[in-house]
Amino acid sequence: MIPDSIRCEFEIKGGIDGIVELLPDDQRIRYISSIARAISDPVRLRVLFALCIQPMCVCLIVAMTEYAYSKMSYHLSILRDSGLICSKQEGNYLIYYPTDLGRKVVEWIGKSF
């Protein structure tokens, strides 16, 4: 039994089948989920925010977070794999930058919370 308060709108949308058709496809859901996982860790979220302020090499990121290089490498790979950051080799340094998506995520979080 469907509550009267939502029955009409539910039927207008085509019931369960109509709602399922309106959902993002499985690939899009997995992509969104990977972004959510990437920003679910406070260290990664702090790094993403910091990179939106200033691109940095890993040595600066490690100094800022006081995390070991090995742990930071793991966090950076998650951010990179989710498409939130990228890196560019400059001499002996790998410089990390936010992607357009990374900037949009930080902007959305900043406005929403």
Side-chain angles (χ1 to χ4, degrees):
M1 174 70 69
I2 300 170
D4 290 337
S5 62
I6 62 170
R7 176 179 284 119
C8 184
E9 187 175 357
F10 180 74
E11 290 171 356
I12 289 170
K13 289 186 175 147
I16 295 292
D17 291 337
I19 291 170
V20 168
E21 285 186 33
L22 293 172
L23 294 173
D25 63 32
D26 289 346
Q27 182 178 355
R28 183 106 174 121
I29 291 289
R30 282 191 299 275
Y31 178 63
I32 294 167
S33 180
S34 77
I35 292 168
R37 271 193 309 276
I39 63 171
S40 69
D41 183 277
V43 171
R44 292 191 292 266
L45 192 55
R46 182 179 302 277
V47 168
L48 181 59
F49 268 88
L51 292 177
C52 285
I53 296 169
Q54 172 67 52
M56 290 185 242
C57 60
V58 71
C59 57
L60 292 174
I61 297 169
V62 165
M64 179 188 73
T65 60
E66 298 181 351
Y67 262 61
Y69 277 89
S70 59
K71 287 182 181 181
M72 187 50 61
S73 176
Y74 167 75
H75 289 295
L76 291 170
S77 69
I78 290 175
L79 289 168
R80 188 177 43 246
D81 292 348
S82 67
L84 297 172
I85 67 170
C86 59
S87 59
K88 181 171 51 170
Q89 189 78 37
E90 290 186 18
N92 292 331
Y93 298 96
L94 196 57
I95 308 298
Y96 290 90
Y97 300 85
T99 61
D100 288 341
L101 174 62
R103 288 189 183 282
K104 287 178 187 175
V105 167
V106 164
E107 183 179 319
W108 175 77
I109 292 169
K111 287 181 181 177
S112 300
F113 298 98

Name the atoms and distances for all side-chain donor-acceptor pairs under 3.5 Å in residues 26-38, with sequence neighbours left out.
from	atom 1	to	atom 2	distance (Å)
Ser33	OG	Arg37	NH1	2.9
Ser34	OG	Tyr31	O	2.8

Distance-only check: which donor-acceptor pairs under 3.5 Å involve side-chain atoms of residues 92-99, not counting sequence neighbours?
from	atom 1	to	atom 2	distance (Å)
Tyr97	OH	Glu90	OE2	3.0
Thr99	OG1	Gly83	O	2.6
Thr99	OG1	Leu84	O	3.2
Thr99	OG1	Leu101	N	3.4
Thr99	OG1	Gly102	N	3.0

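Residue Asp100 places its CG atom among 12 or fewer non-hydrogen atoms of other residues, nucleotides or ligands, all under 6.0 Å distant. A 6.0 Å sphere centred on CD of Gln89 holds more than 12 heavy atoms belonging to other residues, nucleotides or ligands.
For the pair Arg44 and Tyr74, the minimum side-chain heavy-atom distance is below 4.5 Å.
Qualifying salt bridge (charged side-chain N to carboxylate O under 4.0 Å, His left out) partners for Glu21, counting only residues two or more places apart in sequence or in other chains: none. The salt bridge (charged side-chain N to carboxylate O under 4.0 Å, His left out) test applied to Glu107 returns Lys111, not counting sequence neighbours. With sequence neighbours left out, the side-chain hydrogen bond (donor to acceptor under 3.5 Å, both in side chains) criterion links Lys13 to Glu9. The side chain to side chain contact (heavy atoms under 4.5 Å, CB included) test applied to Gln54 returns Met56, not counting sequence neighbours. Listed by chain and number, the residues in a side chain to side chain contact (heavy atoms under 4.5 Å, CB included) with Ile6 are Ile2, Pro3 (sequence neighbours excluded). With sequence neighbours excluded, the residues forming a side-chain hydrogen bond (donor to acceptor under 3.5 Å, both in side chains) with Asp4 are Arg7, listed by chain and number. The side chain to side chain contact (heavy atoms under 4.5 Å, CB included) test applied to Ile53 returns no partner, not counting sequence neighbours. Among residues two or more places apart in sequence or in another chain, the side chain to side chain contact (heavy atoms under 4.5 Å, CB included) test is passed with Tyr67 by Val43, Thr65, Lys71, Met72, His75. Take Ser112 and apply the side-chain hydrogen bond (donor to acceptor under 3.5 Å, both in side chains) test, not counting sequence neighbours, and it matches Trp108.
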Inset, instruction - Given side chain to side chain contact (heavy atoms under 4.5 Å, CB included), test Asp41 with Leu45 step by step and report yes or no. - result: CA-CA 6 Å; Asp41 183 277; Leu45 192 55; over 6 Å; no
Inset, instruction - Decide side chain to side chain contact (heavy atoms under 4.5 Å, CB included) for Ile39 and Ile109; before the verdict, give the C-alpha distance in whole Å, the side-chain angles of both, and the deciding distance to 0.1 Å. - result: CA-CA 10 Å; Ile39 63 171; Ile109 292 169; 3.9 Å; yes
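Placement of Ile78 and Val47 in two distinct hydrophobic clusters is found when ILVMFWY residues are connected by side-chain heavy-atom separations under 4.5 Å, directly or transitively. Hydrophobic clustering, with ILVMFWY side chains joined whenever heavy atoms are under 4.5 angstrom apart, groups Val105 together with Phe113.
Distance CZ/Arg103 to CD1/Ile85: 12.5 Å, rounded to 0.5 Å. For the atom pair CG (Asp17) and CG (Leu22), the distance works out to 11.0 Å, reported to the nearest 0.5 Å. The distance from the CZ atom of Arg80 to the SG atom of Cys86 is 9.5 Å, given to the nearest 0.5 Å.
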